[in-house]
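Working notes, beginning with the structure itself.
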Amino acid sequence: MLEGLATAVLAYLIGAIPFGFIAGRLRGVDLRQYGSGKLGATNVLRTLGTRTAMVVFATDILKGVGAAYLGFYLMKGMPGALAGGLAAMLGHNWPLYLGFRGGRGVLVFLGSFFVLDWRIALAGGIFGLLVIALSRYASLGSLLGMALGVVLGLLVWALGGGREPFVFALAGGSLVVFQHRDNIYRLLSGTERKLGSKAEKRG
């Protein structure tokens, strides 16, 4: 019980570290006032450029890795990694430090998955990046990469592996979809912004 509570709280706080917001502030920019208003790497790319986005990309993945490993250590197994990864996603998407306005959780999801099953993480990550490269839609690549993770997680479980990767893919993927609901609407309506477009100031 105490291990689970410690995992939830500490992983949430790790996930809530707003690297995107910090990167923006170092450049004199509040990301919440530009583009999507989110604090993830895509909005950083549109607002601050490639170099800063790469730093945020890496640190957000590391948040997921660190939180999942913490849960694995504290709870002594993959259920802990699952719990830590989900808590980190909640922290990233709804950070206590910033009035519960964060990112979409894709990179934290990916980083956590590297702990649960690195093969699925690698396959989903590569597929997502390929979709992004071909379509120029970051949201589409994120959603399809996540969907592949669900399918592969179910396959691993069906073949006798642990169920944790599938459960995490399903639960974490649901959070990813929820945070992309506006993107899904724009994709369906043909108004989604492609990579390369600059973020405009909101309001």
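What you see below is based on every heavy atom in this structure, not just the backbone, and it leaves out hydrogens, waters and symmetry mates. Remember, it's a predicted structure, so these values are computed and weren't measured experimentally.
- Side-chain contact between N183 and L143 is absent, with no heavy-atom pair separated by less than 4.5 Å.
- Salt bridge D60/R104: absent, no basic N to carboxylate O contact under 4.0 Å.
- Taking the six-membered ring for Trp, Y69 and Y73 have ring centres at least 6.0 Å apart.
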Hey, can you pull the donor-acceptor pairs under 3.5 Å for the side chains in residues 2-24, sequence neighbours left out?
residue	atom	partner	partner atom	Å
T7	OG1	E3	O	2.9
Y12	OH	W94	O	2.6
Y12	OH	L96	N	2.9

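- Using modelled atom types, no side-chain atom of R163 and backbone atom of W157 make a donor-acceptor pair closer than 3.5 Å.
- Geometrically, R181 does not engage Y185 in a cation-pi contact, judged by NZ or CZ lying under 6.0 Å from the ring centre and within 45° of the ring axis.
- The two residues A41 and A53 come nearest to each other via the heavy atoms O-CB, 3.8 Å.
- Side-chain atoms of R46 never come within 3.5 Å of backbone atoms of N43 as a donor-acceptor pair (strictly under, hydrogens ignored).
- Taking the side chain as every heavy atom from C-beta outward, M89 and V176 approach each other to under 4.5 Å.
- Checked by atom type and distance alone, the side chain of T47 never pairs as donor or acceptor with a backbone atom of V44 at under 3.5 Å.
- Looking at heavy atoms from C-beta onward, N93 lies out of side-chain contact with V108 at the 4.5 angstrom threshold.
- Put simply, V55 and V65 are part of two different groups of oily side chains (I, L, V, M, F, W, Y) that touch within less than 4.5 Å, one to the next.
- For the pair L144/L148, no side-chain contact is recorded, criterion being any heavy-atom separation below 4.5 Å from C-beta on.
- Between F166 and V156, every side-chain heavy-atom pair lies at or beyond the 4.5 Å cut-off.
- Side-chain contact check for L45 versus V56: every heavy-atom pair is 4.5 Å or farther apart.
- Using a 4.5 Å heavy-atom threshold, the side chains of V106 and H180 count as touching.
- Within the model, atoms CD1 of I61 and CZ of F114 stand 6.5 Å from one another, a figure rounded to the nearest 0.5 Å.
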